[in-house]
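The structure appears below as structure tokens.
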Amino acid sequence: MTAVTLSSFRASVWPVPGWVVALALLAGTALIGGALGSISRPLFMLGCVGVGWYAWRQGPAAHLQAALMLFAFAPFVRRVVDLTAGFDQSGLLLVGPLLAILAPAPRLWRLLEARLSPSRELWPVLIVGICVVYGTALSIMQADWMNAASGALKWIAPLVYAAALIETDKRDELVQAAAWAFLLILPAIGVYGILQYINPPDWDVYWMQYASITSAGLPLPYMVRTYSTMNSPASFATFVAVGLMIVCFARLPWLALLLTTPAAFALLLSSYRTAWISLAVGILFCLLFGATRRKAAVISIGVVVVVVLAATLTPFGESIAERVATLGEGSQDGSAQERLEEFVTLWSQWDSSAIGSGFTTTDAGTAGAMPIDGMIIACWVTMGIFFGLICLAALVWAGLNTIWTAWHDTSREAVIVGALGLGGLMQIPLANITSGEAGFFFWTFAVLSTPRLRGSVDSRR
């Protein structure tokens, strides 16, 4: 059965797109979840399992679109439900998208058995998976069952999904599907993010008052660090940076770039400089290749225009200008100094940091608690020095795979994946890129590196 015939068959059997079903689940939970009370949370989780299964039956591209919808809007639905049903400290609704991307798990073992040896893309996934098992074992030995379960799920689910995507050999189709999904999502979360900064709605104010998060600012007009429909400024900014990179360089009309303007403004309002750096590095990377050079030049000019307009002609310009100015502070930056202090603290705790502490929950708002910033610190704390270094090496390997492929296969989709991989590498010292939604963003595109090259090799055999 040809690819066209197979797609037509799937479309006739599963007529409603997976992303539409995902939006229906999100909207239904937001509308009636408060009336149902706490029972709405496990029902939403079961619904996400159903959406994941349904969308995967339509194909990996349809599933990727549905997963992007769930990750983008599930935290917003959580806050709407919490306003009526009461604050849920565990955040059960946020587990739903992770369960959705486990849809291909039942067939993954058969896929692995069919391979004589792991591919270049699969090796980093397997190595990080082994390190995660070690971190989970450390948590279990401390009888910390809750953190063992949540930590393992947040790290393993993106790995399982990535391993399944390696077998699809449809990089171009997946990148294009992601572009259309982001084209729907970015305008919505961009406009909402701007409105949230100007005057946060009741459910956002309620969540900020009860959630143990110190990075979202204050629940007052013009004092919020925009997190839009997501769970933190970091996750929102990372999502937008990935989305802007894909939409701007995918095979979409130039008019599509205008629809992403609100998201670009909201990205600035997040004040999350790590995502700014990642996006800037990705655009510069695209300047190196003929397939993306023209758009990269135009987008570079557009970025400068957006920053200037936001800093001079908007009521929030002063805060943006101050935050942008901190990019030139270097070692004098407060965040940089805090990260250096974290290394000093860990080095002094040789008795625990050598073997790792497993998956632990650190509330940075608690007096005396050390925040965990960046993959180096996260791997060190969770897995110790030995396994932590192995995990970091595998992450670098995965990122370099995408860059290597872009250099040899200079198609537009390969360059986009390479830019995302380079952006991920830039975030390793500064942010966690392997857990939860961040892990989903990184691994989904990190493994889409060589289907075209592998296909050409197979055709020669």
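Atom set for the values below is all heavy atoms of this structure, side chains included, hydrogens, waters and symmetry mates excluded. From a predicted model like this one, the values you see are computed outputs, not experimental measurements. Numbers here are sequence positions counted from 1.
Identified under the side chain to side chain donor-acceptor pair (under 3.5 Å) test for residues 417-442, with sequence neighbours left out: S278-Q427, N432-T434.
By the side-chain hydrogen bond (donor to acceptor under 3.5 Å, both in side chains) test, Q65 pairs with no residue at all, sequence neighbours left out. Residues meeting the side-chain hydrogen bond (donor to acceptor under 3.5 Å, both in side chains) test with S235, sequence neighbours left out: S232.
Taking the side chain as every heavy atom from C-beta outward, F73 and L23 approach each other to under 4.5 Å. Considering only heavy atoms from C-beta on, V247 comes within 4.5 Å of L252 through its side chain. Residues L420 and F442 fail the side-chain proximity criterion, which asks for heavy atoms closer than 4.5 Å. In this structure, the side chains of L269 and R225 stay at 4.5 Å or more apart for every pair of heavy atoms. Residues L425 and I403 meet the side-chain proximity criterion, which asks for heavy atoms closer than 4.5 Å. Within the 4.5 Å cutoff, side-chain heavy atoms of V128 are placed close to those of W443.
Within a 6.0 Å radius of CH2 in W180, no more than 12 heavy atoms belonging to other residues, nucleotides or ligands are found.
Taking the six-membered ring for Trp and the full ring otherwise, F239 and F441 have centroids separated by under 6.0 Å. Checked against a 6.0 Å centroid threshold, the rings of F236 and Y227 do not count as neighbours.
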Item to complete: Check the pair V242 / F445 against side-chain contact (heavy atoms from CB on, under 4.5 Å), numbers first and verdict last.
Response: CA-CA 10 Å; V242 171; F445 298 101; 4.2 Å; yes
Practice prompt. Go through the steps for C248 and F182 under the test side-chain contact (heavy atoms from CB on, under 4.5 Å), then give the verdict.
Written response: CA-CA 10 Å; C248 290; F182 277 118; over 6 Å; no
Item to complete: Please assess F285 against V415 for the test side-chain contact (heavy atoms from CB on, under 4.5 Å), listing each intermediate value before the final yes or no.
Response: CA-CA 8 Å; F285 181 80; V415 174; 4.3 Å; yes
Item to complete: I would like to know whether L159 and I156 meet side-chain contact (heavy atoms from CB on, under 4.5 Å); could you show each step before the answer?
Response: CA-CA 5 Å; L159 292 174; I156 287 293; 4.2 Å; yes
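When only modelled atom types and interatomic distance are considered, Y197 and S319 share a side-chain donor-acceptor pair under 3.5 Å.
The aromatic rings of W56 and H63 stand perpendicular to each other, their planes meeting at an angle above 60°, with 30° marking the opposite boundary. Using bins of under 30°, 30° to 60° and over 60° for the plane-to-plane angle, the ring pair F76/Y192 lands in the perpendicular bin.
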